[in-house]
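Inspection log for the structure reproduced underneath, given as structure tokens.
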Amino acid sequence: MQWTLVIPLKPLARAKSRLSDTAGDGVRPGLALAFAQDTVAAALASPAVGDVAVVTDDALAGRELAALGARIIRDEPRGGLNAALAHGAAVVRSTRPESAVAALNADLPALRPLELARVLDAAAEFPRAFLADAAAIGTTVLTAREGAELHPAFGPDSRARHRATGAWELPLTGVHSVRQDVDTGEDLRAALALGVGPRTAAAAARLLIPGQ
């Protein structure tokens, strides 16, 4: 099964505010863009992924991610993460109603294409499924096969919220790169330890993170 990934990305100027302990205001937008670029590049290289749609109103991010091969969808609802994901999935299915769609976080800079393929292949067994993040509280992937709606419920405690909607939690091991999203400095260090993509590596090197 080939999946269409829908990746939401807020305007870079407002992205990654919780990284303020590690990256200053002038650095965070570039770091957020690097995360998204490495995420999209790895996703497009996954054998389970047919294409990637990024929902964003940020002009710079749109240009850079389109250059990697992503389709850019304007965030017309401007109602937050879940509204952006629902809109992106609807746009994808407006031309391909039978598409299998998956929401993917934009902050997975250590993402490995084959690990993502393992997650998506496992998700293909269920109408809807999700993968919990490394903290076991949030969600990094939410899937909906053909005929099923995505019903995104991202935000605080999204692992419990997605389980409550009837999505199947994928009990996979060995997919650390798909679970490791980056919200805090500690998360960034964990991602760096896994091995991040080239854009994030370059951006993180400028932060002079101890031990890197």
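Model, not experiment: these values are computed from the prediction.
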What distance separates [X] [atom1] from [Y] [atom2], expressed to the nearest 0.5 Å?
X: S158; Y: I137; atom1: OG; atom2: CD1; answer: 9.5 Å
X: D57; Y: R78; atom1: CG; atom2: CZ; answer: 4.5 Å
X: L85; Y: I7; atom1: CG; atom2: CD1; answer: 10.0 Å
X: L172; Y: E115; atom1: CG; atom2: CD; answer: 10.0 Å
X: R28; Y: R14; atom1: CZ; atom2: CZ; answer: 12.5 Å
X: R63; Y: I72; atom1: CZ; atom2: CD1; answer: 11.0 Å

So do [Y] and [X] actually touch side chain to side chain, heavy atoms under 4.5 Å?
X: V101; Y: W3; result: no
X: V175; Y: L116; result: no
X: Q2; Y: V49; result: no
X: T139; Y: V141; result: no
X: L142; Y: F154; result: yes
X: T39; Y: L104; result: yes
X: R161; Y: P156; result: yes
X: E64; Y: L33; result: yes

Mind jotting down which residue pairs meet the salt bridge (charged side-chain N to carboxylate O under 4.0 Å, His left out) criterion with at least one end in residues 140-159? Sequence neighbours excluded, please.
->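 For residues 140-159, and leaving out neighbouring residues, the salt bridge (charged side-chain N to carboxylate O under 4.0 Å, His left out) pairs sorted by first residue read R159-E169.
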What pairs meet the salt bridge (charged side-chain N to carboxylate O under 4.0 Å, His left out) rule with one or both residues in residues 33-48, with sequence neighbours excluded?
->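 For residues 33-48: D38-R199.
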Hey, is the main chain of [Y] close enough, under 3.5 Å, to the side chain of [X] for a donor-acceptor pair?
X: R189; Y: G185; answer: yes
X: T56; Y: G62; answer: no
X: S99; Y: R96; answer: yes

From L111, L108, D187, residue fulfilling side chain to side chain contact (heavy atoms under 4.5 Å, CB included) relative to Q180 =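 The option that passes is D187.
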Does a side chain donor of either N105 or T140 reach within less than 3.5 Å of an acceptor in the other side chain?
->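 Absent: no donor and acceptor within the cut-off.
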With no hydrogens and no angle check, do the side chains of R128 and T143 hold a donor and an acceptor under 3.5 Å apart?
->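 No donor-acceptor contact under 3.5 Å links the two side chains.
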Taking the six-membered ring for Trp, are H162 and F130 parallel (under 30°), tilted (30 to 60°) or perpendicular (over 60°)?
->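 Rings of H162 and F130: tilted, as their planes differ by 30° to 60°.
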What's the verdict on side-chain contact (heavy atoms from CB on, under 4.5 Å) for L131 and V178, showing C-alpha distance, side-chain angles and the deciding distance?
-> CA-CA 8 Å; L131 185 75; V178 195; 3.7 Å; yes
For residues [X] and [Y], report the shortest heavy-atom separation together with the two atoms involved.
X: A70; Y: V40; value: CB-CG1, 4.0 Å
X: R112; Y: L194; value: NH2-O, 2.6 Å
X: P113; Y: P47; value: O-CD, 4.2 Å

Worked verdict on L31 versus K16 for side-chain contact (heavy atoms from CB on, under 4.5 Å) = CA-CA 8 Å; L31 200 56; K16 296 299 155 193; over 6 Å; no
If you measure from the Lys or Arg side-chain nitrogens to the Asp or Glu carboxylate oxygens, is any gap between D51 and R71 under 4.0 Å?
->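 Answer for the salt bridge query: no.
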Just do the side-chain contact (heavy atoms from CB on, under 4.5 Å) check on V119 and L170 with the steps written out, would you?
-> CA-CA 8 Å; V119 172; L170 299 169; 3.9 Å; yes
Does the side-chain contact (heavy atoms from CB on, under 4.5 Å) test come out yes or no for L68 and Q37, once each step is laid out?
-> CA-CA 8 Å; L68 293 175; Q37 288 173 303; 4.0 Å; yes
